[in-house]
Protein chains: 2
Amino acid sequence: MNDRIAATPPATLAELLRRGNVFAEQCPSREVLKHVTSRWGVLLLVALLAGTQRFSDLRRKVGGISEKMLAQTLQWLEADGFVARIAHPVVPPHVEYSLTPLGIEVAGKVEVLADWIEFNLPAIMAARAARESGPD
Amino acid sequence: MNDRIAATPPATLAELLRRGNVFAEQCPSREVLKHVTSRWGVLLLVALLAGTQRFSDLRRKVGGISEKMLAQTLQWLEADGFVARIAHPVVPPHVEYSLTPLGIEVAGKVEVLADWIEFNLPAIMAARAARESGPD
DNA sequence: CAGAATCCTAATCGATACTG
DNA sequence: CAGTATCGATTAGGATTCTG
């Protein structure tokens, strides 16, 4: 990755940002992060934590997702090595999606974030309300 | 929140997805998640972990961000209670942004995710390469 | 059933210019 | 300096149709 900032030794994204470098946008990780944190990426990853599922299962489970977005997001995640796709060559096509070991890990991180937000929603909404009415 | 699924007792997003409900899209947490995982939201949160900073500092530090997006994203995060904005009423305007306690927490989760990706990029790229050439 | 292809709309983003 | 306003370009995303 980042050829031009390769000199910086042990740099996580966080490190880079703290230092002031931050042209990490030309780094592949930006792309991966985008897939993972995309609207449907988050939901699909968490949904797939429940185990192997078929295309239509996911479509039903995730809800408002269109076929197009489902297919596209699955392809992103597959290309990133997070999702494994297994197509059974039977007459009515049967394809199963599951998380790879790598995918299980990211999905875990995403789930932590999503759950934190869900859990802290009351506090968040409270802070929002307090700001609106309170300290004008 | 979610009036219609209020019956479900202790439901995290993950729980909802695993069960098959998942119409969490009409839930405020979807919005918060969107702000937090947005392209610039991620970067700003992590950047702000370094401490209080001014508008132009953030603009410089985050890099490719436009003024518009910086202002907008900061407003989102402020409205969600993650960022505190302090404007000093001096002649050349001086405004400082920092994370609230709540913001420090989410930023931490986001940082974990971002760092995981950064750290595992080699493995991700390897998986990608292997799939392209290998098991046709 | 799984998905590719097409078309189309609405939202997003970025650059520029302007204001207090 | 710290924004807001506006506009054009890009993109995400949805609905529909078609195929193996």
Side-chain angles (χ1 to χ4, degrees), chain A residues 20 22-26 30-45 47-48 52-80 83-98 131, chain B residues 20 22-26 30-45 47-48 52-80 83-98 131:
Chain A
V22 162
F23 275 137
E25 282 158 309
Q26 55 210 353
R30 301 273 76 242
E31 182 125 345
V32 176
L33 191 61
K34 186 175 183 179
H35 298 162
V36 168
T37 63
S38 72
R39 179 176 180 190
W40 303 115
V42 174
L43 297 178
L44 279 177
L45 284 173
L48 279 167
T52 300
Q53 278 150 97
R54 300 184 57 179
F55 188 88
S56 47
D57 289 337
L58 290 170
R59 183 151 160 54
R60 228 170 299 115
K61 175 174 283 193
V62 170
I65 194 171
S66 67
E67 291 187 0
K68 180 185 174 182
M69 283 297 102
L70 178 54
Q72 182 174 109
T73 307
L74 282 173
Q75 282 170 16
W76 286 343
L77 297 177
E78 190 193 357
D80 291 337
V83 165
R85 192 192 109 113
I86 300 179
H88 298 86
V90 295
V91 180
H94 187 104
V95 183
E96 295 188 327
Y97 293 90
S98 59
R131 197 168 331 93
Chain B
V22 162
F23 276 136
E25 284 160 306
Q26 54 211 353
R30 301 275 76 243
E31 183 123 346
V32 176
L33 191 61
K34 185 174 183 178
H35 298 161
V36 168
T37 63
S38 72
R39 179 175 181 191
W40 304 115
V42 174
L43 298 178
L44 279 178
L45 284 174
L48 280 168
T52 299
Q53 278 151 96
R54 300 182 58 176
F55 188 87
S56 46
D57 289 336
L58 290 170
R59 183 149 160 55
R60 228 170 301 113
K61 176 174 283 194
V62 170
I65 194 171
S66 65
E67 291 185 0
K68 180 185 173 183
M69 284 297 102
L70 178 55
Q72 183 174 106
T73 308
L74 282 173
Q75 281 168 16
W76 285 343
L77 296 176
E78 190 192 357
D80 290 338
V83 164
R85 193 191 108 113
I86 300 179
H88 298 86
V90 294
V91 179
H94 187 106
V95 182
E96 295 189 328
Y97 293 92
S98 60
R131 198 169 328 95

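Chain letters run A, B, ... following the sequence lines, proteins first, then strands; residues in each count from 1.
Contacts of B:Ala84 classified as side chain to side chain contact (heavy atoms under 4.5 Å, CB included), with partners at least two apart in sequence or in another chain: B:Ser98, B:Thr100. Applying the side-chain hydrogen bond (donor to acceptor under 3.5 Å, both in side chains) rule to B:Arg85 yields no partners; only residues at least two apart in sequence or on another chain are considered.
With contacts defined as side-chain heavy-atom distances shorter than 4.5 Å, the pair A:Arg39/B:Lys34 does not qualify. At least one side-chain heavy atom of B:Leu58 sits less than 4.5 Å from a side-chain heavy atom of B:Leu48.
Legend: ring-ring contact (aromatic ring centres under 6.0 Å, His included) pairs involving residues 52-79 of chain A, not counting sequence neighbours, sorted by first then second residue: A:His35-A:Trp76. Residue pairs meeting the salt bridge (charged side-chain N to carboxylate O under 4.0 Å, His left out) criterion with at least one partner in residues 67-79 of chain B, sequence neighbours excluded, are B:Arg59-B:Glu67.
Of the listed nucleotides (D:dA2, C:dA2, D:dA12), D:dA2 has the atom at the smallest distance from the side chain of B:Arg54.
Going from atom NE2 of B:His94 over to atom C1' of D:dC1 covers 10 Å, rounded to whole Å. Distance B:His35 NE2 to C:dC13 P: 11 Å, rounded to the nearest Å. The interatomic distance linking B:Phe55 (CZ) with C:dT19 (P) rounds to 18 Å, in whole Å. In this structure, B:Leu70 atom CG and D:dA5 atom C1' are separated by 17 Å, rounded to whole Å.
Heavy-atom minimum distance, A:Lys61 versus A:Ala47: CD-CB, 3.9 Å.
B:Ser56 has a side-chain polar atom (N or O) that falls below the 4.0 Å cut-off from OP1 or OP2 of D:dA2. B:Tyr97 has a side-chain polar atom (N or O) that falls below the 4.0 Å cut-off from OP1 or OP2 of D:dG3.
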Identify the pairs formed between an N or O of the protein and an N or O of nucleotides 14-20 of chain D at a distance under 3.5 Å, and give each distance.
from: D:dG14; atom 1: O6; to: A:Lys68; atom 2: NZ; distance (Å): 2.2

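The stretch residues 72-79 of chain B has no heavy atom under 4.0 angstrom from DNA chain C at all.
Here the CG atom belonging to B:Asp57 is positioned 8.5 Å from the CD atom belonging to B:Glu96, to the nearest 0.5 angstrom.
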